[in-house]
Amino acid sequence: MDLCRFHYCLSGLIFISGIMFPVMVASIGVNYGQIANNLPLPENVVPLVKSIGATKVKLYDADPRVLQAFANTGVEFMVGLGNDLLGKMKDVDKAQTWVKSNVQAYLPATKITSIFVGNEVLTFNDTTLTGCLVPAMQNVHTALVNLGLDKQVSVTTAHSLAILETSYPPSSGAFRRDLTSCIAPILNFHAKTGSPFLINAYPYFAYKASPKQVSLDFVLFQQNQGTIDPSTNLHYDNMLFAQIDAVYAALAALGYKKLPVHISETGWPSKGDEDEAGATPDNAKKYNGNLMKLMSQKKGTPMKPDSDLNIYVFAMFNENMKPGPTSERNYGLFKPDGTPVYSLGIALSNSTFSNTTSFDGSSGSSDTPTSSQGSSSTGYLTISSATTKRYPLVGPVSFFFMFMIKLLL
């Protein structure tokens, strides 16, 4: 994303316990993954995106079908350049060719505002891949400069929360010491180009790992007594905000206090295996619905109260071809036929969140996800694979465990 803040220009209605309350609905971002063989045609996805009030979409590649379908809709797009292409992007000419084919070709009809180069690269422990990341980001940005697009399209990359070494209390957040030399040039790039720092954050994994110790209300944005950061005296009543502020603290510790943090992925599965605690439709509804209500309140985190939330919910659809546990295929707000997996309790004045929406077309019956030629990838990584490395609340003592200790004292 560029540095534009959320625009709270869509008035709507939120239904709470059957009563309608008028509110201003925040600009919502949503991840549009396509690891499935039964999804609706992209043109049929447009009204679904609008039905939840989303004005921003994160795409894991630069699929021409999607970018064409959303032309002249005003929806902002973050397109992805996959890890498999990072090596090629070390060649500035190849980077410029990619930008011409996958970004410039769709402007200005499709509002592409950002390119995320690589996904969670630093936590793969692949030195070759890591070595390609910053040069790829720099060359893609140079290509945008050469094409006169750098003022409207930013360049960034998405990180796993596992790049943090400590996260409790939030004010002591710090990056892993073994990654500092890799992170520093990335932060310098963000500071020079004005692009945001992206983090994928999933409180769900903290609950899944220790359902008897983690407060479900705390991770679902439900009413709870919360916890206080002893260093700042700031009060936290939900885990996501604590995670975000831990990232802000880590940035500040390296001298990048002013860098904006955007949450490029967060969500909750509506179904899981027997050992996947909390993966239910009701919990998914509470997590995503309460998150959207928080976004509508025009306030930031305790550490950054004046910074608008920039969050992309994961994900538009349940994707039937994703590997891993059952939860991986059940993060969607919508089923492949276009009906909601659960009601978020949100209805906008200019569109309806319908429980009966369906589509005549589908994306066909191909056995593999499609992507644009020369674009980014065959898809994206599973959310929960190797979660002990990719999405823990890391540190000498994990945040959720410390939180529960404090509640029980």
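Not measured: the values here are computed from a predicted model.
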- Test Y236 against every option in T301, D245, N224 by the side chain to side chain donor-acceptor pair (under 3.5 Å) rule and name the one that passes. D245

- Output, in order, the C-alpha distance, side-chain angles, deciding distance and verdict of side-chain contact (heavy atoms from CB on, under 4.5 Å) for T156 and H190. CA-CA 7 Å; T156 184; H190 288 310; 3.1 Å; yes

- For S167 and Q243, what are the C-alpha separation, side-chain angles and deciding distance, and is it a side-chain contact (heavy atoms from CB on, under 4.5 Å)? CA-CA 7 Å; S167 60; Q243 291 176 334; over 6 Å; no

- Any donor-acceptor N or O pair under 3.5 Å, side chains Y168, D229: no

- Query: Does P135 have any side-chain contact (heavy atoms from CB on, under 4.5 Å) partners at least two apart in sequence or in another chain, and if so, which?
  - Reply: K90

- When the ring planes of Y202 and F314 are compared, do they come out parallel, tilted or perpendicular, using 30° and 60° as the limits? perpendicular

- Task: Decide side-chain contact (heavy atoms from CB on, under 4.5 Å) for L294 and F221; before the verdict, give the C-alpha distance in whole Å, the side-chain angles of both, and the deciding distance to 0.1 Å.
- Result: CA-CA 9 Å; L294 269 180; F221 309 98; 3.3 Å; yes

- Any side-chain donor near an acceptor of the partner, N31 and Y60, under 3.5 Å: yes

- So, does D150 use its side chain to make a donor-acceptor pair with the main chain of G148 at under 3.5 Å? no

- Would you say the side-chain atoms of D217 and Q223 include a donor-acceptor pair closer than 3.5 Å? no

- Task: Determine whether the side chains of Y204 and T266 contain a donor N or O and an acceptor N or O closer than 3.5 Å.
- Result: no

- Message: I'd like to know if R176 pairs up with E165 as an ion pair, taking the criterion as any Lys NZ or Arg NE/NH1/NH2 lying under 4.0 Å from an Asp or Glu carboxylate oxygen.
- Response: no

- Task: Check whether the side chains of D337 and T339 place a donor and an acceptor atom closer than 3.5 Å, and report yes or no.
- Result: yes

- Message: Walk me through whether R329 and N318 qualify under side-chain contact (heavy atoms from CB on, under 4.5 Å).
- Response: CA-CA 5 Å; R329 294 173 289 283; N318 286 338; 5.9 Å; no

